[in-house]
Amino acid sequence: MCLMMTVCIGTLGTYAQKKVQSVKATPRTFLYRVYLHDKHGTPYTLDKPQRYLSPRAILRRQWQGIAIDSTDLPVSPAYVDALRRHGLRVMGTSRWRNTAMVASQTDDVAERLRTLAFVDSCMRLYVSPEVAENPERPSVAPGIMPDSLAEGRYGDGYQQINQLGGIALHEAGFRGKGMRIAILDAGFKNVDRIPAFRNVKIVATKDFAPRRTSDIFKEHYHGTMVLSVMAMNHPDTIIGTAPEAEYVLIRTEDIPTETRAEEDSWTMGAEYADSIGVDVINSSLGYHQWDGDSTSIRLRDLNGKTAFISQTAAMIASKGMVLCNSMGNDGTSSWHKMNVPSDATGILSVGAVDETGTIAPFSSLGPTQDGRVKPDACAMGLKAYVVNGEGNLTTANGTSFASPILCGMVACLWQARPELTAKQIIDLVRRSGDRWNWPDSVYGYGIPSFSKAMHK
C-alpha cells in the first residue's frame, strides 16, 4: 500500500519533520528479546581478547586500567545456532547484556524456547508488518550554500563552537585528530554524495536497525545533519567541533516504527563501536513511547536503572568510552521530561540553548526520578548550523544538534587531556559548566567551558 506520513521526530531530538513515502507492507513479524542464562560453550576467552576486540579497543582499556571481563565475551555461538534450529531469525546479539534479538513469523517464540535450559526468559518487543521506505534520494546541491559568513575562517560554525570555549582548543591544535567518534542515528542520507563531506574521514559504517538496509546512505537525513556539526571542515563557510576526528556511522533507529527493538539495536551499535576502538559516542536518539501494545516508559522509570537502553548506556563509561546523548525535545509537551537513555548514570545528557545561552523552550527537563541532575551540559541547539540531506547549509532546531556539537568538543578535550579516563572526562565537562555550583532541572550544570577544562 502507499502511505504518506508526516510526524515530529521526537525520538530523534529535533523539530525536523520526517516523511515516509510509498511504504510497502510485508508479512507480519514478531520481534523478541531472548535473555540467555550464561555463555557456556563459547570458544572465546578472556586471555585472548584480540579474537573479539580490535587492538585499538584493547589499548583503550589498558591505558584506563579497565579489565576485560565476562561481559566482553561474545554470546555463545552454540546458543545462537540452537535458536536458529528452532526456526528463529537471529537479528543480532548483545555480549554486554547476554541477549539475542530474534524474529519470527508466528507469535509462539516463548513456547518454542520453553524447554531450552540456556534461555532464562523472553520478551516480546514488537509485532508489526515490516516496511520498506522509498529508496529514492533527494537531489544533492553542488556545494555548501552559506546563509551568511561569520567570524572569518569558522564561518557559520563560529558561535556554536565559541559558546563552548572551543576556539582555544582548536587554536592549540586540538581538533579531534586521532580520536574516533561513533554516531548512532537513523540514517546518513547522501553523505556519500554531498561534496561537503568528501574530506570527512569515515572509517566504518554499520546497520543494526530492526529493518536492515543495504545502504545507510539511502536512509534518513537526520544523521547527515548530526555528522555535519562535528565533521565539517570548510574554512570561511563552516567548521565543525571536531573536524579532524575519525567517524563511524551506525544506523540503529527505524524511522517508520517506534519499538522496543530499537533498544536492542542501539545496544548492538554501542557494542560495535566499543569493539572497533571508538572513544566517544553521540546518540541523538531517545524514547518514552512505544508503538503497538508495548508498555511505554513511565516517569517513575527515569531512574537510569529500569529501561534496557539506559542500563546499556550506563555501561559505556566502564568500557572506557564517553557517551553524549540528547535530552529530547519534550520541554513544551505534556511529558516535559528527558527520554531514555538520557536518564542513565555515567553519561553526558545534553540540553539545547540558543546563541545567547538561553534554554530552548523545547529542551527536555530533568532531574531523574532518583534525584540526579540532568541535563549534564547544554550546547547550542536552537538555530544551529547544519548541512542537510540535500547538501545545503541551513539552520535546525533540536537537542539532536546540541549533543553532537558538545560531543565533538569532548573529543577535542580528550585529545588535549589523554591522561584522563572516560569517567574523568565526563566529570571534568560537568565541573566546567557555568552552573556547576547551582545546577537546576532546566540547564543542569549549564554550558561548559572547554578552554577552562583544558587547563583544569
Side-chain angles (χ1 to χ4, degrees), residues 7-16 18 125-126 181-189 206-211 216 219-227 229-230 247-273 278 280-291 296-297 302 304 307-316 321-330 335 337-344 347-352 362-364 374-376 379 381 386 396-407:
V7 295
C8 180
I9 310 179
T11 58
L12 297 181
T14 174
Y15 278 174
K18 66 178 181 180
L125 300 173
Y126 194 60
I181 302 173
I183 302 175
L184 308 184
D185 218 285
F188 305 86
K189 184 170 281 188
K206 198 75 170 179
D207 189 356
F208 290 102
R211 181 182 56 88
I216 66 169
E219 289 299 314
H220 203 268
Y221 56 82
H222 186 267
T224 305
M225 296 189 291
V226 166
L227 172 64
V229 302
M230 291 187 280
Y247 289 92
V248 178
L249 309 183
I250 305 173
R251 179 174 174 263
T252 66
E253 167 75 17
D254 196 12
I255 287 293
T257 60
E258 201 73 290
T259 80
R260 298 189 73 158
E262 288 167 341
E263 293 188 278
D264 297 70
S265 301
W266 194 95
T267 294
M268 287 183 258
E271 292 181 14
Y272 172 73
V278 160
V280 186
I281 298 175
N282 182 81
S283 165
S284 291
L285 301 169
Y287 307 92
H288 75 264
Q289 189 170 7
W290 307 120
D291 296 340
S296 294
I297 302 297
L302 298 176
F308 185 84
I309 191 172
S310 299
Q311 294 169 7
T312 300
M315 296 180 69
I316 287 175
M321 298 177 289
V322 175
L323 169 64
C324 299
N325 207 101
S326 58
M327 279 285 286
N329 292 341
D330 289 294
W335 176 256
K337 300 282 281 190
M338 72 199 78
N339 295 319
V340 299
S342 286
D343 64 323
I347 72 171
L348 291 172
S349 302
V350 188
F362 55 78
S363 191
S364 290
K374 292 287 178 177
D376 297 278
V386 305
N397 299 334
T399 58
S400 278
F401 310 117
S403 183
I405 286 171
L406 184 120
C407 180

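Keep in mind that the numbers below use all heavy atoms, side chains included, and drop hydrogens, waters and symmetry copies.
- By the side chain to side chain contact (heavy atoms under 4.5 Å, CB included) test, A352 is found to be paired with A360, F362, S363, T399, A402, residues two or more places apart in sequence or in another chain being considered.
- Residues satisfying the side-chain hydrogen bond (donor to acceptor under 3.5 Å, both in side chains) test with T252, not counting sequence neighbours, are none.
- Residues V278 and V280 come closest through the heavy atom pair CG1-O, 3.2 Å.
- Every side-chain hydrogen bond (donor to acceptor under 3.5 Å, both in side chains) that N282 has, sequence neighbours left out, goes to S284, S403.
- Considering all non-hydrogen atoms of both residues, A186 and R251 come closest at O-NE, 3.3 Å.
- Here the side chains of I347 and I316 are not in contact, with every heavy-atom distance at 4.5 Å or above.
- In plain terms, the two heavy atoms of M327 and P375 that are nearest each other are CG-CB, 3.7 Å.
- Contact of the E262 side chain with the Y126 side chain is not registered, since no non-hydrogen atoms from C-beta on lie closer than 4.5 Å.
- Contact annotation: the side chain of T257 never approaches that of R211 to less than 4.5 Å [non-hydrogen atoms, C-beta and beyond].
- Across all their heavy atoms, E219 and K189 have their closest contact at O-CB, 2.6 Å.
- Note: W335 CH2 to L302 CG = 5.0 Å, rounded to the nearest 0.5 Å.
- Residues meeting the side-chain hydrogen bond (donor to acceptor under 3.5 Å, both in side chains) test with T312, sequence neighbours left out: R97, T267.
- T259 contributes a side-chain N or O that, together with a main-chain N or O of A261, makes up a donor-acceptor pair within less than 3.5 Å.
- For F208, the ring-ring contact (aromatic ring centres under 6.0 Å, His included) partners two or more places apart in sequence, or in a different chain, are Y272.
- When side chains are defined from C-beta on, M315 does not count as touching M321, because their heavy atoms never get closer than 4.5 Å.
- Between I309 and E263, the closest heavy-atom pair is N-OE2, 3.0 Å.
- Going from atom CG of L249 over to atom CG of L227 covers 5.5 Å, rounded to the nearest 0.5 Å.
- Put simply, the side chain of M225 reaches to within 4.5 Å of the side chain of F401, judged on heavy atoms.
- S283 pairs by the side-chain hydrogen bond (donor to acceptor under 3.5 Å, both in side chains) definition with W266, N325, not counting sequence neighbours.
- Interatomic distance, CD1 of I281 versus CG of L348, reported as 12.0 Å (0.5 Å rounding).
- We find the CE-CG distance between M338 and D330 to be 11.0 Å, quoted to the nearest 0.5 Å.
- Looking at every heavy atom in both residues, P341 comes nearest to S310 through CA-OG, 3.3 Å.
- K374 places a side-chain N or O within donor-acceptor distance of the main-chain N or O of S342, the cut-off being under 3.5 Å.
- Proximity of a side-chain donor or acceptor of Q289 to a complementary backbone N or O of S296 within less than 3.5 Å is not detected.
- Counting heavy atoms from C-beta on, the side chains of D254 and S265 never come closer than 4.5 Å.
- Atoms NZ and CD1, from K206 and I250 in turn, are 9.5 Å apart once rounded to the nearest 0.5 Å.
- S349 contributes no side-chain N or O that, together with a main-chain N or O of D376, makes up a donor-acceptor pair within less than 3.5 Å.
- Rounding to the nearest 0.5 Å gives a distance of 10.0 Å between CZ of F188 and NE2 of H222.
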